[in-house]
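Every number for a ligand or one of its atoms is a count from 1 in the order of the listing. We're numbering straight along the sequence, starting at 1.
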Amino acid sequence: MSLKHFLPLLLTTTPLVSAWGTLGHDTVAYIAQNFVTNATESWAQGILADTSSSYMASVATWADTYRYTAAGKFSAPYHFIDAEDDPPKSCGVDYKRDCGESGCVVSAIQNYTSRVVDKSLSTTEKQMALKWIIHFIGDIHQPLHDEALDVGGNTISVTFDGTETNLHHIWDTNMPEKFIGGYSLADASSWAKNLTARIKTGDYKSDASGWLHGISLDDPVSSSMAWATESNAYVCSTVLTGGVDAVEGKELDGGYYDAATPVIEVQIARAGYRLAAWLNLIATGETGLKVAGEKRSMRPIQPVRVELEDWARPLSAARLARLAHGFNCGHEH
Ligand SMILES: *[C@@H]1O[C@H](CO)[C@@H](O)[C@H](O)[C@H]1NC(C)=O
Ligand SMILES: *[C@@H]1O[C@H](CO)[C@@H](O)[C@H](O)[C@H]1NC(C)=O
Ligand SMILES: *[C@@H]1O[C@H](CO)[C@@H](O)[C@H](O)[C@H]1NC(C)=O
Ligand SMILES: [Zn+2]
C-alpha cells in the first residue's frame with residue numbers, strides 16, 4: 001500500500017479512546033439486542049443492512065469516529081449535556097440552561113428519533129440517525145456526560161493503575177475495562193449476557209420496569225432528561241463525592257474504583273434496556289417490555305420538526321471552559 005493510501009487510514013483511526021469506551025457502547029448495544037422484539041430487530045437490521053449477531057454492537061461507536069471528521073464535527077456537542085450544577089453540593093440538569101445553542105445529547109436523541117422514521121430522508125441519513133441513537137443513549141448514561149464541571153472531568157488529572165489520565169477517561173474506559181478485563185466484541189457480548197440475565201431474573205429485575213417510567217415517544221426530551229438527571233446525580237453521590245480535591249492527582253484504582261463499579265454496571269444495564277425500549281417504541285409503538293399501565297401508542301410515529309430555541313445568552317464560565325478546551329482536542333466527552 002502506498003503512503004497515499006495509508007495516511008487517511010491513520011487519520012481516521014486516531015481517536016482510539018471513545019465515550020464510555022468501545023466496551024461500554026458495545027455492551028449497551030448487545031443488551032438492547034437481547035431485549036428488542038423480533039419486529040424491531042428486523043426493522044433495525046433493515047436500516048443497518050446487517051443481519052449479523054452484532055448488528056447494533058458493531059455500529060455503536062461509529063459516532064465517536066464520525067465526530068472527529070470534518071463532516072461530522074458539528075455532532076461533537078451531541079455527546080453530552082453540560083449541566084452547570086455545583087457538585088458535590090448540588091446536582092441537577094436543566095434543559096434550557098444546559099443544552100447549549102449547538103445542541104446536546106438530549107436534543108440529539110429527539111432529532112435522530114424523528115429522523116430515523118422520516119421517509120423523506122435517504123437510506124444513509126436514516127442509517128446515521130439509528131447509529132446516533134444507539135450511541136447517544138449510551139453516552140447519556142455516563143455520569144460525566146451530564147456534567148459541565150471541569151469539562152466533564154476531562155481537565156481533572158488522575159492516575160489509574162499507575163497511568164496518568166483524567167477523571168472523564170477512567171469512567172469512559174479504564175474502570176469498565178479493568179472490571180471486564182478486555183474490550184473486544186466478545187468481552188462486550190459476555191458482559192451483556194451477565195447484565196441481561198440480572199435484568200430478567202436477577203438483582204435488577206424488580207427495578208427494571210421502573211427504569212422505563214415516563215418513557216414516551218411523544219416527549220423525547222422529557223424521556224431523556226429523566227435519564228440525564230438520574231445519571232448526573234451520580235456525579236454528587238459517587239463521581240465527585242469528596243469534591244475535586246479528593247481526586248485531583250490521586251491514584252483512583254482502589255476504594256474509588258470499588259465504589260464506582262456498581263454504578264458503571266447499573267448504568268450500562270439501564271442504557272441497554274432503555275435503548276431496546278426506545279427502539280421498540282419507534283418500530284412498533286410499544287416498549288415490548290413490561291411497563292405497568294402501558295397503552296399502545298395508536299398514533300403512527302411521525303417525524304417532528306426539531307428546532308433549538310434561541311438561547312442566546314452570556315457565556316457562562318463552564319461554557320467558556322468548554323470552548324477553550326475545544327470539542328475535538330483528543331480527550332473525550
Ligand atoms: C422471534 O424469533 C425467534 C427466532 O428468530 C423465534 O424463535 C421466536 O419464536 C420469535 N418470537 C416471536 C414472538 O415471534
Ligand atoms: C454476573 O457477574 C458477576 C461477577 O461480576 C457474578 O458474580 C454474577 O453471578 C454474574 N451474574 C449472572 C446472572 O451471570
Ligand atoms: C438534526 O440532524 C441533522 C442531521 O444530522 C442536522 O443537520 C440538524 O442540524 C439537526 N438538528 C438539530 C436541531 O439538532
Ligand atoms: Zn460519544
Asks: Going by the atom numbers of ligand 3, which of them fall below 4.0 Å from some non-hydrogen atom of Tyr112?
Replies: 2 (O), 3 (C), 4 (C), 5 (O)
Asks: Among the N/O/S atoms of Asp139, which is closest to the Zn ion (ligand 4)? Give the atom name.
Replies: OD2
Asks: Taking the six-membered ring for Trp, are Phe136 and Tyr112 parallel (under 30°), tilted (30 to 60°) or perpendicular (over 60°)?
Replies: tilted
Asks: Please assess Gln267 against Tyr234 for the test side chain to side chain contact (heavy atoms under 4.5 Å, CB included), listing each intermediate value before the final yes or no.
Replies: CA-CA 10 Å; Gln267 286 300 91; Tyr234 288 115; 3.6 Å; yes
Asks: Relative to ligand 3, is Arg115 under 4.0 angstrom through side chain, backbone, both or neither, heavy atoms considered?
Replies: side chain
Asks: With a 4.0 Å cut-off on N to O distance, would you call Glu265 and Arg270 a salt bridge?
Replies: no
Asks: More than 12 heavy atoms of other residues, nucleotides or ligands under 6.0 Å from OH of Tyr257: yes or no?
Replies: yes
Asks: Do the rings of Phe35 and Tyr273 sit parallel, tilted or perpendicular, given the 30° and 60° boundaries?
Replies: perpendicular
Asks: How far apart are the C-alpha atoms of Gln142 and Asp172, what are their side-chain angles, what is the distance that settles it, and do they pass the side chain to side chain donor-acceptor pair (under 3.5 Å) test?
Replies: CA-CA 7 Å; Gln142 205 276 52; Asp172 271 353; 2.7 Å; yes
Asks: How about His25: does one of its N, O or S atoms come closer than 2.8 Å to the Zn ion (ligand 4)?
Replies: no
Asks: So, 2.8 Å as the limit: is an N/O/S atom of His145 located closer than that to the Zn ion (ligand 4)?
Replies: no
Asks: Is there a continuous path of hydrophobic side-chain contacts, each under 4.5 Å between heavy atoms, that joins Ile215 to Val117?
Replies: yes
Asks: Please name the atom of Asp64, restricted to N, O or S, that is closest to the Zn ion (ligand 4).
Replies: OD1
Asks: Against heavy atoms of Phe74, which atoms of ligand 3 measure under 4.0 Å?
Replies: 5 (O)
Asks: Which label fits Tyr78 and Phe74: parallel for a plane angle under 30°, tilted from 30 to 60°, or perpendicular past 60°?
Replies: perpendicular
Asks: If I apply the N/O under 3.5 Å rule, does Glu125 come out as touching ligand 3?
Replies: no
Asks: Quick check for you: with the Zn ion (ligand 4) as the vertex, what angle do ND1 of His79 and NE2 of His135 span, to 10°?
Replies: 100°
Asks: Is the number of heavy atoms from other residues, nucleotides or ligands within 6.0 Å of CG (Asp258) greater than 12?
Replies: yes
Asks: Side chain of His145, backbone of His79: donor and acceptor closer than 3.5 Å?
Replies: yes
Asks: Residue by residue, ordered by chain and number, which ones reach under 4.0 Å of ligand 2 with a heavy atom?
Replies: Phe179, Asn194, Ala197, Arg198
